[in-house]
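What follows is a single structure, written as structure tokens, with notes after it.
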Amino acid sequence: MQTDAPDVPSTGVWAEVVGQPDAVRTLYTAVRAAHRQVRGEPVPPGSMTHAWLFTGPPGSGRSIAARAFAAALECSDAEQPGCGHCPACRTVLHGTHADVRLVAPEGLSISVAEMRALVQAAARRPTTGQWRIVLIEDSDRLTEGAANALLKAVEEPPPRTVFLLCAPSDHPEDVSVTIRSRCRVVQLRTPLAGAIAEVLHERDGVDAELAHWASSVCGGHIGRARRLATDEEARERRESVLRIPLGLRRFSDVFTAATGLVKLAETEAVTANEDRNEAEKEELKTAMGAGGTGKGTASATRGANAALKELEKRQKSRATRSQRDALDLALVDLAGFYRDVLVMRTGSTAPLNHPDFERSVAKAAGEWTSESALRRLDAVLECRLALTQNVKPIIAVEAMLATLYTG
């Protein structure tokens with residue numbers, strides 16, 4: 001029996017989608033159908049649709065897969081769409097294509113005003129490309145009003161517009177049922193350590209031994225693996241977090257560790273945003289005529305000051321999100337430690353999340369009961385939940401560490 005299923009491409013834009021052969025096959029089949037549709041050729045019903053939902057665990061590459069799909073849809077190579085070399089592919093991947101709008105929330109949510117503006121832009125016909133594409137990263141951060149605005153567009157889509165949504169899952173807590181029902185879901189899986197190590201070594205030029213280590217401790221998170229392999233400070237931050245479980249010897253250590261953990265997240269957020277913040281301020285000052293003289297200068301200065309205040313407000317929101325994300329990543333590492341303790345106590349042969357901390361895990365497994373380790377793991381998960389509900393970080397972390405100390 002012959003099938004029309006294409007081979008899984010592994011070059012061009014698809015090379016960035018690591019360890020997801022089933023998803024790539026689905027997307028590539030849709031892209032080929034989309035190109036035929038643009039040429040006016042008949043295509044099988046449902047082979048290409050106007051709304052897609054990319055789901056998968058953190059680090060699985062949801063937004064990377066969505067960008068690759070967007071690039072392939074706009075690609076000028078009809079024979080092998082997604083070549084990665086044409087101007088369309090390059091501009092989509094760099095976020096500068098005129099017909100592709102990338103929404104990456106910098107704050108804690110995506111507002112209804114922002115979504116309405118996007119929906120209006122999406123209603124226009126493509127200007128230079130074949131499709132007008134709206135790619136929304138972290139669509140689980142849509143406010144209720146923003147989700148309703150998006151729903152109207154997804155229900156009655158313009159003829160040459162495609163919506164690409166990225167979310168951890170298709171659960172109603174992440175994506176509303178009504179939006180989910182109008183999307184085709186592409187489920188991504190956690191990439192295998194071997195595939196991640198290969199990418200780090202062959203594409204990023206990371207030493208083979210370091211690439212193997214980073215892929216074994218990243219929890220299947222490609223971006224985390226790359227950061228650990230290339231950033232010594234990131235490795236040091238991870239080690240300081242994983243020293244916490246056995247470092248709580250006295251109750252006073254709870255407050256010391258809590259302060260250190262929150263400061264660690266704040267420092268990482270500042271480091272990640274500092275250069276960008278300054279560049280944005282300078283660009284805005286220049287655009288508003290900073291340093292100018294003559295008639296109208298006073299009025300321009302007042303306008304610049306108001307614009308700067310609005311920019312600083314957005315930057316503060318971005319910093320808050322960056323801090324929460326950095327703190328959540330530290331909590332994921334902590335949860336992995338307690339999970340490893342439970343693995344060792346039960347005699348399971350499952351691989352450890354932190355194999356380089358096996359000695360510390362073994363020591364904890366010998367000192368704690370399984371029930372105690374489970375209570376500690378629950379405390380970490382409850383802290384993660386508290387942070388999503390806007391509990392002040394230092395309060396949530398202190399409460400968690402108190403339980404980690406007492407067990």
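- Under the 3.5 Å distance criterion, with hydrogens and angles disregarded, a donor-acceptor pair is assigned to the side chains of Asp174 and Ser169.
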Under the criterion side chain to side chain contact (heavy atoms under 4.5 Å, CB included), I'd like the reasoning laid out for Arg376 against Val341: C-alpha separation, chi angles, the key distance, then a yes or no.
CA-CA 11 Å; Arg376 289 177 164 98; Val341 172; over 6 Å; no
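- Listed by chain and residue number, Arg238 satisfy the salt bridge (Lys or Arg N to Asp or Glu O under 4.0 Å) test with Asp356 (two or more places apart in sequence, or in another chain).
- The CD atom of Glu266 sits 8.5 Å away from the CD1 atom of Ile394 when rounded to the nearest 0.5 Å.
- For the atom pair CH2 (Trp52) and CG (Leu165), the distance works out to 12.0 Å, reported to the nearest 0.5 Å.
- Between the side chain of Arg101 and the main chain of Ala122, no donor-acceptor pair closer than 3.5 Å is present.
- Remark: the backbone N or O of Cys166 is paired with a side-chain donor or acceptor of Ser139 at under 3.5 angstrom.
- We find that Asp22 and Arg25 are joined by a salt bridge, their nearest charged nitrogen and carboxylate oxygen being less than 4.0 Å apart.
- Under the rule for a ring pair (Phe, Tyr, Trp, His ring centres under 6.0 Å), the partners of Tyr338 that lie at least two apart in sequence or sit in another chain are Trp368.
- Within the model, atoms NZ of Lys263 and CD of Gln323 stand 9.5 Å from one another, a figure rounded to the nearest 0.5 Å.
- With His35 contributing its side chain and Ala72 its backbone, the two residues share a donor-acceptor pair below 3.5 Å.
- In this structure, Leu377 CG and Leu404 CG are separated by 10.0 Å, a value rounded to the nearest 0.5 Å.
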Yes or no on salt bridge (charged side-chain N to carboxylate O under 4.0 Å, His left out) for Asp378 and Arg375, after CA distance, side-chain angles and deciding distance?
CA-CA 5 Å; Asp378 282 341; Arg375 282 194 296 271; over 6 Å; no
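- Under 4.0 Å is where a charged nitrogen must lie from a carboxylate oxygen, and between Asp325 and Arg141 at least one such pair does.
- Shortest non-hydrogen contact noted between Arg67 and Gly95 is NH1-N, 4.5 Å.
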Residues Trp131, Val38; criterion side chain to side chain contact (heavy atoms under 4.5 Å, CB included); working and verdict
CA-CA 9 Å; Trp131 300 88; Val38 169; 3.7 Å; yes
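- In terms of the side-chain contact (heavy atoms from CB on, under 4.5 Å) criterion, residue partners of Val343 (sequence neighbours excluded) are, by chain and number, Arg339, Ser348, Ala350, Leu352.
- When the ring pair (Phe, Tyr, Trp, His ring centres under 6.0 Å) test is applied to Phe251, the partners found at least two apart in sequence or on another chain are Phe255, Tyr405.
- The side-chain contact (heavy atoms from CB on, under 4.5 Å) test applied to Glu232 returns Arg235, Glu236, not counting sequence neighbours.
- For Glu358, the CD atom sits in a loose shell: 12 or fewer heavy atoms of surrounding residues, nucleotides or ligands are nearer than 6.0 Å.
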Test side chain to side chain contact (heavy atoms under 4.5 Å, CB included) applied to Ile196 and Arg226, step by step:
CA-CA 9 Å; Ile196 297 175; Arg226 184 173 285 115; over 6 Å; no
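- Side-chain N or O atoms of Arg62 include one that pairs as donor or acceptor with a backbone N or O of Gly56 at under 3.5 Å.
- Judged purely by distance below 3.5 Å, without hydrogens or angles, the side chains of Thr178 and Arg182 never pair a donor atom with an acceptor atom.
- Listed by chain and residue number, Leu385 satisfy the side-chain contact (heavy atoms from CB on, under 4.5 Å) test with Thr388 (two or more places apart in sequence, or in another chain).
- Checked for salt-bridge contact, Arg160 and Asp99 miss the test: no charged N lies under 4.0 Å from a carboxylate O.
- Checking side-chain atoms of His94 against main-chain N and O of Arg90 turns up a donor-acceptor pair under 3.5 Å.
- Leu246 CG to Ser360 OG: the interatomic distance, rounded to the nearest 0.5 Å, is 5.0 Å.
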Please evaluate residues Asp204 and Thr230 with respect to the criterion side chain to side chain contact (heavy atoms under 4.5 Å, CB included), reporting the C-alpha separation (whole Å), side-chain torsions for both, the decisive distance (0.1 Å), and the verdict.
CA-CA 9 Å; Asp204 298 336; Thr230 57; 5.8 Å; no
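- Side-chain N or O atoms of His50 include none that pairs as donor or acceptor with a backbone N or O of Phe163 at under 3.5 Å.
- No donor-acceptor pair under 3.5 Å is formed between the side chain of Arg237 and the backbone N or O of Leu264.
- Between the side chain of Asn148 and the backbone N or O of Gly145 there is no donor-acceptor pair closer than 3.5 Å.
- Distance CD1/Ile395 to CG/Leu387: 11.0 Å, rounded to 0.5 Å.
- No donor-acceptor pair under 3.5 Å is formed between the side chain of Glu398 and the backbone N or O of Val254.
- Side chain of Ser372 to main chain of Thr369: no donor-acceptor pair is present (N/O by atom type, distance under 3.5 Å, no hydrogens or angles).
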